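What follows is one structure encoded as structure tokens, with my remarks underneath.
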Amino acid sequence: MCGRFTLSATVDDLMAAFPMIRFANIETSPRGNICPTQQVLAVRRTETDAISACWFRWGLVPFWAKDLKIGASMINARAETIIEKPAFRTAFKKRRCLVLADGFIEWTGEKKARKPWNIAFADRRPMTFAGLWERWGEAENVVETCTIVTTTANDAMSKLHDRMPVILTERDHERWLDCSPCEPALLTEMLQPYSGSDLALSPIETALPKA
DNA sequence: CCAGACGTTGTT
DNA sequence: GTCTGG
DNA sequence: CCAGACGTTGTT
DNA sequence: GTCTGG
């Protein structure tokens with residue numbers, strides 16, 4: 001799964017890495033270690049068809065939810081069932097996003113001695129997770145939330161876990177964001193475990209900052 | 001019909 | 001043990 | 001995901 | 001909102 005990730009790249013770094021994304025009004029620098037319910041930097045297609053960066057609270061709150069708290073348990077959406085789950089299927093059809101990151105954290109070992117690992121590209125370039133977003137609440141109380149799609153672990157990751165976030169290639173960025181005709185085959189193809197061989201797994205020795 | 005859930009993961 | 005907050 | 005709380009009441 | 005269980 002993916003219950004914690006990092007974003008340490010500056011907005012300038014991200015603009016250089018993803019020239020097709022508009023970073024209008026995004027000035028805040030990312031803060032490193034990101035936990036559920038915090039703001040994450042993401043990308044969506046706007047009404048004017050631009051591809052723009054924006055902030056979402058991490059933990060998708062379905063529009064019909066009575067309480068914002070439900071988002072805490074909606075931080076991930078399984079790729080295998082995303083089409084049918086009531087909490088995700090509407091967002092899957094209409095509101096897909098990219099979550100910007102430069103690594104994610106997984107733990108190994110037993111409860112008392114859990115060890116965190118950082119997983120990133122070997123060259124440390126930023127990565128994008130497939131995500132869904134949702135709008136909840138009314139008027140001044142509107143909250144926009146998102147979730148990260150997970151899939152089965154690839155070879156490298158299976159040393160640590162059996163699940164991992166869906167890491168999209170640049171080729172798939174627009175295809176994922178374009179929600180119009182959903183071609184199931186295309187989507188299934190995009191939601192596969194990352195197939196590159198350049199993921200670097202590094203143990204984290206220092207205490208995890210709490211953010 | 002109404003009431004209640006709607007999610008993922010790891011651990012014991 | 002289980003929920004909440006970050 | 002992990003860390004930390006987990007309760008009620010009345011009085012200052 | 002929409003489905004499931006009773």
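Note that the coordinates shown come from a computational prediction; the quantities given were computed from them, not determined experimentally. Hydrogens, waters and symmetry mates are skipped; everything else that's a heavy atom, side chains included, is used. Chain A is the first sequence line, chain B the second, and so forth, proteins listed ahead of strands; every chain is numbered from 1.
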With a 4.0 Å cut-off on heavy atoms, is A/Gly59 in touch with a base, just the backbone sugar-phosphate, or nothing at all? nothing
Counting only heavy atoms not in A/Glu138, do more than 12 fall under 6.0 Å of its CD? no
Atom CG of A/Asp155 with >12 non-hydrogen neighbours under 6.0 angstrom: no
Stems involving DNA chain C: give each as a range paired with a range, ordered by first number, where a stem means at least three consecutive Watson-Crick or G-U wobble pairs under 3.5 Å. C:1-6 with D:1-6
Answer yes when A/Arg124 and A/Asp102 have at least one side-chain N-carboxylate O distance shorter than 4.0 Å, and no when they do not. no
If you look only at pairs with a residue in residues 130-153 of chain A, which of them pass as a ring pair (Phe, Tyr, Trp, His ring centres under 6.0 Å), with sequence neighbours excluded? A/Phe56-A/Trp133
Note: A/Glu170-A/Arg125 ion pair, threshold 4.0 Å (strictly below): no
In whole angstrom, give me the gap between the P atoms of B/dT9 and D/dC2. 14 Å
Regarding A/Thr150, tell me which of base, sugar-phosphate or nothing describes its non-hydrogen contacts under 4.0 Å with the strands shown. sugar-phosphate
Using the C1' atom as the point on both nucleotides, what is the distance between C/dC3 and B/dT8, in whole Å? 16 Å
With a non-hydrogen cut-off below 4.0 angstrom, is A/Arg57 in contact with a base, only sugar-phosphate, or nothing? nothing
Atom CD of A/Glu84 and atom P of E/dG1 are separated, to the nearest Å, by 22 Å
Roughly, in whole Å, what's the span from CZ in A/Phe63 to P in E/dG1? 7 Å
Quickly work out the A/Asp67 CG to C/dT4 P distance and round it to whole Å. 9 Å
Think A/His161 has a side-chain N or O under 4.0 angstrom from the OP1 or OP2 of B/dG10? yes
Quickly work out the A/Ile148 CD1 to B/dT9 C1' distance and round it to whole Å. 14 Å
With A/Arg95 as the cation and A/Phe92 as the aromatic partner, state whether NZ or CZ is under 6.0 Å from the six-membered ring centre and within 45° of the axis. no
Indicate, with a heavy-atom threshold strictly under 4.0 Å, whether A/Asp162 touches base, sugar-phosphate, or nothing. sugar-phosphate
Interatomic distance at C1', B/dG7 relative to D/dC1, whole Å: 15 Å
Quiz question: going by heavy-atom distance under 3.5 Å, is there a donor-acceptor pair between the base of C/dG6 and the side chain of A/Thr37? yes
Pick base, sugar-phosphate or nothing for A/Pro36, based on heavy-atom distances below 4.0 Å to the nucleic acid. base
Whole angstrom is fine here: how far is it from CH2 in A/Trp107 over to P in B/dT8? 19 Å
So that I can tick it off, tell me whether A/Glu189 and A/Arg171 are bridged by a salt bridge, with the cut-off set at under 4.0 angstrom between side-chain N and carboxylate O. yes
Say we look at C/dT2 and B/dG10: how far apart would their C1' atoms be, to the nearest angstrom? 14 Å
Does B/dT9 have OP1 or OP2 sitting under 4.0 Å from an N or O in the side chain of A/Arg163? yes
Ring centroids of A/Trp64 and E/dT2 base under 5.5 Å with planes under 30°: no
Does B/dT9 have OP1 or OP2 under 4.0 Å away from a side-chain N or O of A/Arg78? yes
Name the nucleic acid region contacted by A/Thr147, choosing base, sugar-phosphate or nothing; use a 4.0 angstrom heavy-atom cut-off, strictly under. nothing
More than 12 heavy atoms from other groups under 6.0 Å of CG on A/Asn25: no
